[in-house]
Amino acid sequence: MIALSPDVVLATAGSIVGAFQQASRTVPIVFVTTIDPVGGGWVESLSRPGTNATGFAAYEFSMSGKRLELLKEIAPDVKRVAVIRDPTVPAGSGGLAAIQTVAPSLGVELTPVGVRDAGEIERAITAFARGSNGGLILVGPTSSVARYRDLIIALAARHRLPAIYPGNRMYVTGGGLISYGPDAIDQYHRAAAYVDRILKGEKPADLPVQQPTKFELIVNLKTAKALGLDVPATVLARADEVIE
């Protein structure tokens, strides 16, 4: 693709941005839904990227702590939470660290679960579910956990575990309880303006990396009812979509 001499590349996921930068440090890159661009080495800083790449970060790690707060709000009896994440990438380790910061104030004990394969996930969740007052948080990143979406939703239902998922409505339309996170489609809309500015002569190095500005909260009332949960009116009032 670089050999075709594009004027600008639109890339999603850090691995793709990294691959393009290995091929060229001059072709402009605009990225979307990318986690920790500074830690990944694709930009020097958020305010001054200083490289041939800029764009829109997927989320701050603190958002994972917010997911734990939401889970406790919708399922206040939860005392133990399994955190499903990929420990080999920043989104997984950073997300878990954010949850660990919030957990003591909410009286929650955490159990990390890796996503190396389906068998590991099923064994870990099944073992975790033998205890009482359990819940799940799916941290991500999407590139690592999306392939196991149906399995995790099915395990949560089988073991009656309230679970909160990343900001992707497919988790909730697929039977998940609740999802919260940045609106990925909004990032693509905003990326168009950066592509336009680069085509008009501006440099990625000078365009600051932007954080999410639009977030989605989606609740599945059918799943809540199956789990015996009464979703608080305060949560429903904040929801962008309620699936009945």
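Every heavy atom of this structure was used, including side-chain atoms; hydrogens, water molecules and symmetry mates were not.
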Worksheet item: Any salt bridge between Glu244 and Lys225, counting N to O under 4.0 Å?
Response: no
Discussion item. Under a 4.0 Å threshold between the charged nitrogen and the carboxylate oxygen, would Glu241 count as salt-bridged to Arg169?
Written reply: yes
Worksheet item: Got Thr54 and Pro208 here, is their nearest side-chain heavy-atom distance under 4.5 Å?
Response: no
Worksheet item: Do the non-hydrogen side-chain atoms of Val108 and Leu68 ever get within less than 4.5 Å of each other?
Response: yes
Discussion item. Using the side chain to side chain contact (heavy atoms under 4.5 Å, CB included) definition, which of the options Val43, Leu10, Val9 pairs with Phe31?
Written reply: Val43
Worksheet entry | Closest non-hydrogen atom pair between Ile153 and Gly176, with its separation | CG2-N, 3.9 Å
Worksheet item: Mind checking whether Leu70 and Val102 sit in one hydrophobic cluster, side chains of I, L, V, M, F, W, Y counted as touching below 4.5 Å?
Response: yes
Practice prompt. Give, for atom OG1 of Thr111 and atom CD1 of Ile125, the distance between the pair rounded to the nearest 0.5 Å.
Written response: 11.0 Å
Worksheet entry | Same apolar cluster: Phe20 and Val30, side chain cutoff 4.5 Å | no
Discussion item. Within the structure provided, determine whether Asp7 and Val27 are in side-chain contact (heavy-atom separation under 4.5 Å).
Written reply: no
Worksheet item: Does Val195 share a hydrophobic cluster with Ile185, counting links as ILVMFWY side-chain heavy atoms below 4.5 Å and allowing steps through other members?
Response: no
Item to complete: Working to the nearest 0.5 Å, report the span between OG1 of Thr34 and CD of Gln187.
Response: 8.0 Å
Item to complete: Would you please test Val8 and Leu199 for side chain to side chain contact (heavy atoms under 4.5 Å, CB included) and show each step?
Response: CA-CA 7 Å; Val8 61; Leu199 291 176; 4.1 Å; yes
Item to complete: Would you check, one step at a time, whether the test side chain to side chain contact (heavy atoms under 4.5 Å, CB included) holds for Leu177 with Val172?
Response: CA-CA 6 Å; Leu177 175 62; Val172 186; over 6 Å; no
Fill in: Check: Thr101 side chain, Ala97 main-chain N or O, donor-acceptor pair, under 3.5 Å
yes
Worksheet item: Counting N and O atoms only, with roles assigned by atom type, does the side chain of Thr223 sit under 3.5 Å from a partner on the main chain of Gly175, one being a donor and the other an acceptor?
Response: yes
Discussion item. Could you measure the distance from the CD1 atom of Ile29 to the OG1 atom of Thr51? Nearest 0.5 Å is fine.
Written reply: 7.5 Å
Discussion item. Once rounded to the nearest 0.5 Å, what's the spacing between atom CD of Gln21 and atom CD1 of Ile16?
Written reply: 13.0 Å
Worksheet, complete the sentence: Residues Leu136 and Ala156: closest non-hydrogen pair is CD1-CB, 3.9 Å
Worksheet item: What are the two closest heavy atoms between Ala11 and Val17, and how far apart are they?
Response: CB-CG2, 4.0 Å
Worksheet item: Are Leu227 and Val78 co-members of a hydrophobic cluster defined by side-chain heavy atoms under 4.5 Å apart?
Response: yes
Item to complete: Tell me, with the steps shown, if Leu221 and Ile243 meet side chain to side chain contact (heavy atoms under 4.5 Å, CB included).
Response: CA-CA 6 Å; Leu221 286 183; Ile243 297 172; over 6 Å; no
Worksheet item: If you take all heavy atoms of Ile2 and Ser24, which pair is closest and at what distance?
Response: CG2-CB, 3.8 Å
Discussion item. Is a donor from one side chain sitting under 3.5 angstrom from an acceptor on the other, for Glu202 and Tyr194?
Written reply: no
Fill in: Backbone N/O of Arg116 and side chain of Glu120: donor-acceptor pair under 3.5 Å
yes
Worksheet item: Going by heavy atoms in the side chains, are Glu109 and Val81 under 4.5 Å from each other?
Response: no
Practice prompt. Identify whether the distance between the nearest side-chain nitrogen and carboxylate oxygen of Lys214 and Asp186 falls below 4.0 Å.
Written response: no
Item to complete: Taking the side chain as every heavy atom from C-beta outward, state whether Pro166 and Tyr171 have any atom pair closer than 4.5 Å.
Response: yes
Practice prompt. Kindly say whether Ile218 contributes a backbone atom to a donor-acceptor pair with the side chain of Asp240 at under 3.5 angstrom?
Written response: no
Practice prompt. Please report the shortest heavy-atom distance between Val242 and Leu236, naming the atom on each side.
Written response: CG2-CD2, 4.1 Å
Discussion item. Can you tell me how far apart CG (Leu217) and CZ (Arg67) are? Round to the nearest 0.5 Å.
Written reply: 11.0 Å
Worksheet item: Taking only residues two or more places apart in sequence, or in another chain, which ones meet Ser5 in a side chain to side chain donor-acceptor pair (under 3.5 Å)?
Response: none
Discussion item. Can a donor-acceptor pair be found, under 3.5 Å and without considering hydrogens, that links the side chain of Thr12 to the backbone of Thr33?
Written reply: no
Worksheet item: Going by heavy atoms in the side chains, are Met1 and Pro6 under 4.5 Å from each other?
Response: no
Discussion item. Would you say that Ile164 contacts Leu138 through its side chain, given a criterion of any heavy-atom pair below 4.5 Å between the two side chains?
Written reply: no
Worksheet item: Are the side chain of Lys79 and the backbone N or O of Gly107 linked by a donor-acceptor pair below 3.5 Å?
Response: no
Discussion item. Working note: Glu122 + Leu151, criterion side chain to side chain contact (heavy atoms under 4.5 Å, CB included); need CA distance, chi angles, decisive distance, verdict.
Written reply: CA-CA 8 Å; Glu122 183 158 10; Leu151 171 64; 4.2 Å; yes
Worksheet item: Under 4.5 Å between side-chain heavy atoms, hopping through other hydrophobics if needed: is there a path connecting Val32 to Trp42?
Response: no
Practice prompt. To the nearest 0.5 angstrom, please state how far the CZ atom of Arg238 sits from the CD atom of Glu73.
Written response: 4.5 Å
Discussion item. Quick check against the 3.5 Å criterion: does Asp183 have a side-chain atom that pairs as donor or acceptor with the backbone of Phe215?
Written reply: no
Worksheet item: Is the NZ or CZ atom of Arg80 both under 6.0 Å from the centre of the six-membered ring of Phe128 and within 45° of that ring's axis?
Response: yes
Item to complete: Report yes or no: does Arg160 contribute a side-chain atom to a donor-acceptor pair with the main-chain N or O of Ala129 at less than 3.5 Å?
Response: no
Discussion item. Walk me through whether Tyr165 and Tyr180 qualify under ring-ring contact (aromatic ring centres under 6.0 Å, His included).
Written reply: CA-CA 6 Å; Tyr165 302 90; Tyr180 175 73; over 10 Å; no
Worksheet item: If you look at every heavy atom in Val209 and Ala57, which pair is closest and at what distance?
Response: CG1-N, 4.0 Å
Worksheet item: Quick one: are Pro204 and Pro49 in side-chain contact, heavy atoms under 4.5 Å?
Response: no
